[in-house]
Every structure is written in C-alpha cells, then in structure tokens.
There are 2 protein chains.
Amino acid sequence: MVGTWEHIDDAACRRFQGSLELVGQRWSSGILLALARGATRFSEVLELVPGLSGRLLTARLKQLTDADLITRSVIPTTPVQVRYELTERGRELMEALQALVSWGARWESERASATALSGS
Amino acid sequence: MVGTWEHIDDAACRRFQGSLELVGQRWSSGILLALARGATRFSEVLELVPGLSGRLLTARLKQLTDADLITRSVIPTTPVQVRYELTERGRELMEALQALVSWGARWESERASATALSGS
DNA sequence: CTGGATCCCTATCGATACTG
DNA sequence: CAGTATCGATAGGGATCCAG
C-alpha cells in the first residue's frame with residue numbers, strides 16, 4: 001500500500017529525507033557496510049571500500065559520528081589505534097536498510113529476465 | 001543481527017550502494033515522496049518540495065525515469081500535460097524505505113529523551 | 001505548463017605532501 | 001597508523017531567460 005505516505009507528518013518526512021541524504025552521500029553506504037561487516041580500523045575500511053581516499057574517509061567518519069551512527073574510540077598504544085564501530089542506532093539503521101537489499105535483488109533479476117525476453 | 005551483511009555478495013553490495021546514492025541525491029527522496037503521496041504533475045511536485053528548482057526537478061525526474069522508478073506520460077492536450085507516476089518498482093522501493101521512517105521516528109524520540117535527561 | 005540552454009558560483013572531490 | 005593542510009579540477013546547484 002502506497003497510501004501510507006499520505007499519513008506521515010512533515011517532521012517524519014524531513015527526517016526521512018535527511019537520513020537518506022546522509023546515508024546516500026558518496027562512500028557513506030560503503031563505509032557503513034564495511035563496519036557492519038566487521039571492519040573496525042581506519043585502514044581496514046580504506047581497503048574494503050575501493051576508490052575511497054583517506055581524506056574523504058575522515059570526512060565521512062566525522063559526519064557519521066556526528067549523526068550517532070558510529071563511535072570513535074582512541075586506544076593509547078604505540079602507535080595509536082582508533083576503533084570505529086556502529087552504534088546501536090547505526091546497527092538498527094543497517095537493519096532497516098536490509099529491505100533495500102531485498103528490493104535490489106528482486107528487481108535486478110526481473111530486469112534481467114525482461115532484457116532476455118526483449119532480446120529473443 | 002548485524003552479521004547478515006557478511007553473507008551478501010559483492011553484486012548486492014554495489015546495487016545497495018547504487019540505490020542509496022541515487023535515492024539519497026538531493027531532492028530525489030522529496031520527489032519520490034511527493035509522487036508517493038499522490039502528486040502527478042511537474043508543477044505539483046515543484047510545490048510539494050520546498051526549495052526545489054525547475055531545472056533540478058527536470059534532472060531528477062530524468063534520472064528516476066532512467067532508473068525505472070517513475071514513468072513519464074505525455075497527454076496531448078492544450079497545453080500539453082505530463083504525468084509522472086511511480087512504477088511498480090518505484091512503489092516497492094518506497095515500501096522498502098518505510099523501515100527508514102520507523103527507524104527515524106524511534107531514534108528521534110530516544111534522542112529527545114536523552115537530551116531532556118542531560119539537561120536536568 | 002513543461003523543460004531546455006546558458007551563466008556563474010560554490011561545494012566537493014582527488015592527489016599530494018606533511019604531522020603526531 | 002590516523003589523520004590534517006593545501007591546491008587545482010570538476011561537478012552540482014541557483015537564477016534567469018527562452019521555447020515547444
């Protein structure tokens with residue numbers, strides 16, 4: 001049912017758009033994905049997200065930390081270690097986004113079959 | 001359970017990131033929201049999304065059409081009418097994103113109470 | 001009404017070099 | 001290792017004007 005959207009207040013709409021624009025920023029989803037998959041270190045994330053530069057990773061991590069989606073903890077060893085982890089809020093966000101994966105999987109296959117049909 | 005992400009293949013990850021970056025583009029979510037709420041005309045969407053300019057609306061509508069999330073149909077009246085509607089794929093995307101609204105509502109209230117506590 | 005074309009400006013990006 | 005600083009390139013965005 002699509003009509004559900006008609007009964008959502010404006011505040012919810014703004015949060016919705018805000019969340020999407022944050023997570024939809026370039027690299028954001030990749031970084032969250034890396035963390036959800038177990039990465040904790042700066043360099044780990046850097047390896048796991050192809051094309052991502054250190055500068056941008058710093059910037060995104062700061063944004064995501066400000067949004068309370070991840071935590072940053074400094075471990076005073078030598079050299080210093082920094083751990084990044086999803087917060088509870090961040091983990092639940094990722095759970096909410098699982099629906100997008102199902103959606104993507106479903107429509108990817110349908111598009112493929114449609115292409116196959118038109119090609120025959 | 002967060003570990004679910006570990007068992008997702010790379011193709012799904014790319015789709016996931018791609019979808020998010022499309023929908024997370026500025027105005028995209030607002031436009032989809034407007035359409036989900038019943039808007040069909042160019043000018044209607046323009047009114048429903050504050051701050052959106054015509055130029056950008058044209059651009060986003062094209063992207064979303066290319067992504068098969070919406071359809072564009074020209075009705076040969078005078079003056080010409082153009083209708084935009086969510087496709088089945090688009091509607092299901094919006095359904096998948098409902099989870100984000102719930103997430104936003106939930107954590108908005110928790111953050112508010114936390115603020116209240118720290119303020120006392 | 002819908003939307004293309006242009007100009008200009010700002011934010012953002014990527015690469016590189018450098019610091020604790 | 002985990003950033004910060006700077007810089008040139010570019011893409012995105014707003015305003016305005018024009019056209020079917």
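Computed from a predicted structure; not experimentally measured. In the text below, chain A, chain B and the rest are named by the order of the sequence lines, each starting its count at 1.
- A/F42 is connected to A/V74 through a chain of hydrophobic side-chain contacts under 4.5 Å among Ile, Leu, Val, Met, Phe, Trp and Tyr, so both are in one cluster.
- At least one donor-acceptor pair under 3.5 Å links the side chain of B/W103 to the backbone N or O of A/R89.
- Under the side chain to side chain contact (heavy atoms under 4.5 Å, CB included) rule, A/L61 has a single partner from A/V45, A/V82, A/I70, which is A/I70.
- The footprint of chain A on DNA chain D, defined by a heavy-atom cutoff below 4.0 Å, extends from D/dC1 to D/dT6.
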All N/O donor-acceptor pairs, side-chain side in residues 22-29 of chain A, below 3.5 Å, sequence neighbours left out:
from: A/Q25; atom 1: OE1; to: A/R60; atom 2: NH2; distance (Å): 2.8
from: A/S28; atom 1: OG; to: A/L22; atom 2: O; distance (Å): 3.2

Side chain to side chain contact (heavy atoms under 4.5 Å, CB included) evaluation trace for A/L20 with B/L97 | CA-CA 9 Å; A/L20 270 181; B/L97 291 178; 4.2 Å; yes
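- How far CZ of B/F16 is from CG of A/L32: 7.5 Å, rounded to the nearest 0.5 Å.
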Extract from the structure each pairing of a protein N or O with an N or O of nucleotides 16-20 of chain C at less than 3.5 Å, listing the distance.
none

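- The residue among B/S43 and A/L56 whose nearest nucleotide of DNA chain C lies closer to the 5′ end is B/S43.
- Heavy atoms of A/R60 sit under 4.0 angstrom from primed sugar atoms or phosphate atoms, though from no base atom.
- In this structure, A/R83 contributes its side chain and A/T40 its backbone to no donor-acceptor pair below 3.5 Å.
- Note: A/E88 CD to A/T71 OG1 = 12.0 Å, rounded to the nearest 0.5 Å.
- Legend: residues meeting side chain to side chain contact (heavy atoms under 4.5 Å, CB included) with B/R41, ordered by chain and number and at least two apart, are B/S43, B/E44, B/Q81.
- One atom, CD of A/Q63, and another, C1' of C/dA11, lie 12 Å apart when rounded to the nearest Å.
- For the segment residues 17-27 of chain B, residues with any heavy atom less than 4.0 angstrom from an atom of DNA chain D are, sorted by number, B/R26, B/W27.
- The side chain to side chain contact (heavy atoms under 4.5 Å, CB included) test applied to A/A11 returns A/D9, A/R15, not counting sequence neighbours.
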